[in-house]
Peer 1: 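I'd like to ask you about the structure that follows.
Just the heavy atoms: all of them, side chains too, but no hydrogens, waters or symmetry mates, feed the values below. When a ligand or atom number is given, it counts from 1 through the structure's own listing order.
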Amino acid sequence: MSATGIDAIAFYVPQLYVPMDELAEARGIPAEKLKKGLGLQKMAVPNIGEDAATFAANALLNLILQNNINPNDIGRVYLGTESAIDGSKPTATYAVEIVENQLASTYGERSFKHCDILDMTFACVGAVDALHNSLDWVRNNPKRKAVVIASDLSKYDINSTGEYTQGAGAVALLISHNPSILEIKDVWGVASKSEGDFFKPRRTFKKAALLKAVFKDLNLDASDEKIQEFMASSDSEFWSDSNTNVEVFKEEPVFDGQFSNACYNDRITEALNHFSEQKEVSFNDNWHKIVFHLPYAFHGRRIIFDNWLNWLKSSGLYFSLENEIGPMVDTDKKEWSKKAYKSEMYTTFINSKIAQGELASSEIGNMYTASIFMSLLSLLSDSYNNDLDLSGKTIGFIAYGSGSKSKVFEGVVQDEWVSKIADVNLFETLNERTSIDVETYENIHRAKLEKPIHNGSKISLDFIERDETNYGLRRYSVK
Ligand SMILES: CC(C)(COP(=O)([O-])OP(=O)([O-])OC[C@H]1O[C@@H](n2cnc3c(N)ncnc32)[C@H](O)[C@@H]1OP(=O)([O-])[O-])[C@@H](O)C(=O)NCCC(=O)NCCSC(=O)C[C@@](C)(O)CC(=O)[O-]
């Protein structure tokens with residue numbers, strides 16, 4: 001059976017960002033905490049009119065144009081996202097429609113007509129699920145090709161501990177036989193457990209209670225009779241709606257930061273164990289590089305530490321660490337762990353296996369589903385820029401999605417990888433973005449602006465339909 005995996009890769013990141021120094025100053029947080037503690041330099045900010053569909057469309061279009069892909073050859077477009085723009089109509093349909101229209105003059109109308117299009121959602125691991133499924137499907141027939149897109153925007157409440165980890169964008173992958181970039185092996189470590197570490201519930205409010213609060217603030221008669229009378233006679237489409245409750249969807253999650261770290265740690269440990277039950281592996285020796293889901297740049301290096309200690313024990317190298325920092329004494333475990341974390345051995349491990357995958361995350365922030373694929377692209381682009389050959393090397397992948405699930409898998413870099421990375425220009429593109437100040441970012445965050453700032457994006461939301469039969473349908477335009 002021929003190898004299957006990633007044959008081409010493309011990305012899209014919004015043009016706007018906030019420098020971390022400025023955000024730290026505005027929030028009264030030491031900039032060193034964000035920069036040295038979490039590894040953050042810039043936070044990508046979506047412009048007005050950008051959403052998960054426009055990011056995905058941009059990444060898909062880049063993938064097709066940069067690699068001369070004929071859309072008629074693609075049998076699947078599976079999109080992983082937790083920022084869906086509709087509860088029923090997949091975000092992938094919007095993205096494909098935009099791209100199909102753009103390609104019509106070259107490939108004719110409806111070039112994705114026979115393509116299976118789908119969204120998959122499981123927090124940040126949803127696009128890895130899309131990849132896993134697409135690999136299984138492609139593997140069954142040598143002619144099959146699939147596209148996997150990861151597209152998201154991570155938005156947290158202003159002033160929350162998640163705010164400085166925000167980011168946005170998309171990565172698109174072409175999955176095929178005999179891939180040029182990465183063969184992905186069919187061994188998957190999986191661990192799932194329902195947890196409430198991070199989620200985006202539908203929040204409900206009683207309409208009468210909302211009105212009561214408003215009436216009271218305005219010093220109006222807030223009696224139940226008056227409220228009922230108002231709702232029955234109101235011309236407003238909102239207040240006259242027959243539902244008792246108002247359902248509100250917010251992009252901002254409900255989350256518990258340190259608990260989410262603990263869930264991430266537990267799930268990846270279980271998934272790593274599950275992986276090694278299926279394949280004998282010495283993670284330290286066999287994995288040349290490790291790519292993580294990165295909610296912020298330094299998360300991988302912080303969260304893998306306990307597993308690394310166990311890897312040292314199983315590969316007989318623990319004594320080298322003890323030689324460097326001394327043996328652990330039961331009474332001083334915490335101090336010893338701190339020393340081990342700062343040891344030369346661990347620093348070498350981070351610098352040789354993890355740091356290249358962190359570079360793009362420092363410049364963008366959390367891209368949710370796209371973070372792990374952006375980390376792969378960061379590793380490949382940095383290796384390309386520094387003439388480091390990765391051919392034949394094994395990369396380990398550690399994915400996590402809140403709620404919660406981890407998947408662990410591995411891939412082998414193929415001889416042709418350079419030919420597919422040379423024109424991606426990841427870091428060059430990131431360096432061309434526009435800096436905005438904190439006030440402008442806050443106005444975008446609070447939806448106070450109506451028009452895009454600067455030149456706006458190439459693909460953006462044009463308007464939202466308001467007629468009864470197409471209410472809420474989104475229309476996009478391409479400049
Ligand atoms: C991620 C947290 C929890 C971080 O929480 P936090 O409170 O911002 O930071 P911290 O207290 O964990 O400290 C961060 C580091 O900064 C250091 N530090 C402190 N001060 C200084 C200073 N002056 N100079 C230098 N360093 C400093 C400090 O020592 C520490 O480093 P460590 O000691 O651990 O190596 C927070 O940002 C958060 O709640 N984020 C949102 C949730 C999240 O990202 N969770 C991550 C795991 S869950 C996940 O990955 C899934 C997710 C979120 O992507 C969603 C999905 O699946 O859909």
Peer 1: Counting from 1, what ligand 1 atoms have a heavy atom of Ala123 closer than 4.0 Å?
Peer 2: 56 (C), 57 (O), 58 (O)
Peer 1: Pull out every atom of ligand 1 sitting under 4.0 Å from any heavy atom of Thr165, numbered as shown with elements.
Peer 2: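 Counting from 1, the qualifying ligand atoms are 37 (O).
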Peer 1: Return a yes/no value: protein heavy atom under 4.0 Å from atom 29 (O) of ligand 1?
Peer 2: no
Peer 1: Looking only at distances, can you tell me whether any N or O atom of Lys36, backbone or side chain, sits closer than 3.5 Å to an N or O atom of ligand 1?
Peer 2: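 It does not: no N or O of Lys36 is found under 3.5 Å from an N or O of ligand 1.
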Peer 1: Check this for me: does any side-chain nitrogen of one of Lys193 and Glu270 sit under 4.0 Å from a carboxylate oxygen of the other?
Peer 2: no
Peer 1: Per the salt bridge (Lys or Arg N to Asp or Glu O under 4.0 Å) rule, which among Lys33, Arg27, Lys35 passes with Asp21?
Peer 2: Lys35
Peer 1: Flag Arg302 as yes when one of its N or O atoms lies below 3.5 Å from any N or O atom of ligand 1, and as no otherwise.
Peer 2: yes
Peer 1: So which heavy atom in the protein is nearest atom 55 (C) of ligand 1, and how far is it from that ligand atom?
Peer 2: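 Answer for atom 55 (C) of ligand 1: Cys124 SG, 3.3 Å.
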Peer 1: Would Tyr296 count as a polar contact of ligand 1, with the cut-off being nitrogen or oxygen pairs under 3.5 Å?
Peer 2: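 Not met; the criterion fails.
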Peer 1: Evaluate the 4.0 Å heavy atom contact test for atom 2 (C) of ligand 1: does a protein atom fall under the cut-off?
Peer 2: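 Protein heavy atom within 4.0 Å of atom 2 (C) of ligand 1: absent.
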Peer 1: Need the ligand 1 atom indices (1-based, order shown) with element for anything under 4.0 Å from a heavy-atom of Gly37.
Peer 2: 15 (C), 16 (O), 17 (C), 26 (N)
Peer 1: Under 4.0 Å from any heavy atom of Pro295, which atoms of ligand 1 are there?
Peer 2: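 Every atom of ligand 1 under 4.0 Å from some heavy atom of Pro295: 44 (O), 46 (C), 50 (O), 54 (O).
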Peer 1: List the closest protein heavy-atom neighbour of atom 27 (C) of ligand 1: residue, atom name, distance to the nearest 0.1 Å.
Peer 2: Lys33 CA, 3.6 Å
Peer 1: Taking 4.0 Å as the limit for heavy-atom contacts, which would you say applies to Asp197 with ligand 1: side chain only, backbone only, both, or neither?
Peer 2: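 Looking at Asp197 and ligand 1, no heavy atom falls under 4.0 Å.
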Peer 1: Can you tell me how far CZ of Phe397 sits from CG of Leu182, rounded to the nearest 0.5 angstrom?
Peer 2: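 Rounded to the nearest 0.5 Å, the CG-CZ separation comes out at 5.0 Å.
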Peer 1: Tell me the protein heavy atom at minimum distance from atom 45 (N) of ligand 1, and give that distance in Å.
Peer 2: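 Minimum-distance protein heavy atom for atom 45 (N) of ligand 1 reads Ser260 OG, 2.8 Å.
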Peer 1: Is atom NZ of Lys289 surrounded by more than 12 heavy atoms (other residues, nucleotides or ligands) closer than 6.0 Å?
Peer 2: yes
Peer 1: Is it true that the NZ or CZ of Arg302 lies under 6.0 Å from the centre of Phe298's six-membered ring and within 45 degrees of the ring axis?
Peer 2: no
Peer 1: Please determine whether ring pair (Phe, Tyr, Trp, His ring centres under 6.0 Å) holds for the pair Tyr368 and Phe198, giving the CA-CA distance in whole Å, both sets of side-chain angles, and the decisive distance to 0.1 Å.
Peer 2: CA-CA 12 Å; Tyr368 287 159; Phe198 168 111; 5.7 Å; yes
Peer 1: What residue and heavy atom of the protein are closest to atom 25 (C) of ligand 1, and at what distance?
Peer 2: Glu32 O, 3.5 Å
Peer 1: Taking Asp86 first and then Arg474, would you say they form a salt bridge - that is, a charged N and a carboxylate O separated by under 4.0 Å?
Peer 2: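 Answer for the salt bridge query: no.
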Peer 1: Find all atoms of ligand 1 within a distance of less than 4.0 Å from any non-hydrogen atom belonging to Gly401, and give their numbers and elements.
Peer 2: 57 (O)
Peer 1: Taking atom CD as the centre, does Glu442 end up with more than 12 heavy-atom neighbours from other residues, nucleotides or ligands that are less than 6.0 angstrom away?
Peer 2: yes
Peer 1: Just jot down the ligand 1 atoms closer than 4.0 angstrom to any heavy atom of Tyr156, in number order.
Peer 2: 41 (C), 42 (C), 53 (C)
Peer 1: Can you say whether the rings of Tyr346 and Phe305 are parallel (under 30°), tilted (30 to 60°) or perpendicular (over 60°)?
Peer 2: perpendicular
Peer 1: Nearest protein heavy atom to atom 46 (C) of ligand 1, by residue and atom, and its distance?
Peer 2: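 Protein heavy atom at minimum distance: Asn261 OD1, 3.3 Å.
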Peer 1: Please work out which of the three classes, parallel, tilted or perpendicular, describes the rings of Tyr156 and Phe255, given edges at 30° and 60°.
Peer 2: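 It falls in the perpendicular class, over 60°.
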Peer 1: Run the side-chain hydrogen bond (donor to acceptor under 3.5 Å, both in side chains) test on Tyr17 and Gln41 for me, step by step, so that the C-alpha distance in whole Å, both residues' side-chain angles and the decisive distance to 0.1 Å come before the verdict.
Peer 2: CA-CA 10 Å; Tyr17 72 88; Gln41 298 294 337; over 6 Å; no
Peer 1: Please write down residue, atom name and distance for the protein heavy atom closest to atom 4 (C) of ligand 1.
Peer 2: Leu38 CD2, 4.3 Å
Peer 1: Give yes or no for whether the N/O distance cutoff of 3.5 Å, strictly under, is met between Tyr368 and ligand 1.
Peer 2: no
Peer 1: Tell me, which protein residue and heavy-atom name are nearest atom 51 (C) of ligand 1, and how many Å apart are they?
Peer 2: Ser402 OG, 3.2 Å
Peer 1: Would you find more than 12 non-hydrogen atoms of other residues, nucleotides or ligands less than 6.0 Å from Lys279 atom NZ?
Peer 2: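 Enclosed: over 12 neighbouring heavy atoms sit under 6.0 Å from NZ of Lys279.
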Peer 1: Of Gln258, His299, Lys405, Arg267, which has the heavy atom at the shortest distance from atom 11 (O) of ligand 1?
Peer 2: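 Looking at heavy atoms only, the winner is Gln258.
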Peer 1: For the residue pair Trp308 and Phe349, does the interplanar ring angle fall in the parallel (under 30°), tilted (30 to 60°) or perpendicular (over 60°) class?
Peer 2: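 Tilted.
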Peer 1: Looking at non-hydrogen atoms alone, which of Leu40, Asp152, Thr161, Val125 comes nearest to atom 36 (C) of ligand 1?
Peer 2: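 Closest candidate by heavy-atom distance is Thr161.
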Peer 1: Check whether any heavy atom of Phe298 sits under 4.0 Å from an atom of ligand 1.
Peer 2: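 No, Phe298 has no heavy atoms under 4.0 Å from ligand 1.
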Peer 1: Is the NZ atom of Lys89 crowded by more than 12 outside heavy atoms at less than 6.0 Å?
Peer 2: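 Count over threshold, so yes.
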Peer 1: Tell me whether Pro30 has any N or O atom under 3.5 angstrom from an N or O of ligand 1.
Peer 2: no
Peer 1: After noting the C-alpha distance and the side-chain angles of His132 and Phe409, does the key distance pass the ring pair (Phe, Tyr, Trp, His ring centres under 6.0 Å) rule?
Peer 2: CA-CA 10 Å; His132 194 172; Phe409 57 103; 8.1 Å; no
Peer 1: Can you tell me which residue and heavy atom of the protein come closest to atom 54 (O) of ligand 1, and the distance to 0.1 Å?
Peer 2: His293 NE2, 2.8 Å
Peer 1: Under 4.0 Å from any heavy atom of Tyr264, which atoms of ligand 1 are there?
Peer 2: 50 (O)
Peer 1: Does CD belonging to Glu280 count more than 12 external heavy atoms closer than 6.0 Å?
Peer 2: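 It does not: Glu280 CD has 12 such atoms or fewer within range.
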Peer 1: Short list, please: which atoms of ligand 1 are under 4.0 Å from a heavy atom of Glu82?
Peer 2: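 That gives atoms 56 (C), 58 (O) of ligand 1.
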Peer 1: I want to know if ligand 1 touches Tyr400 in the polar sense, i.e. an N/O pair below 3.5 angstrom.
Peer 2: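 No; the residue has no nitrogen or oxygen that sits under 3.5 Å from a nitrogen or oxygen of the ligand.
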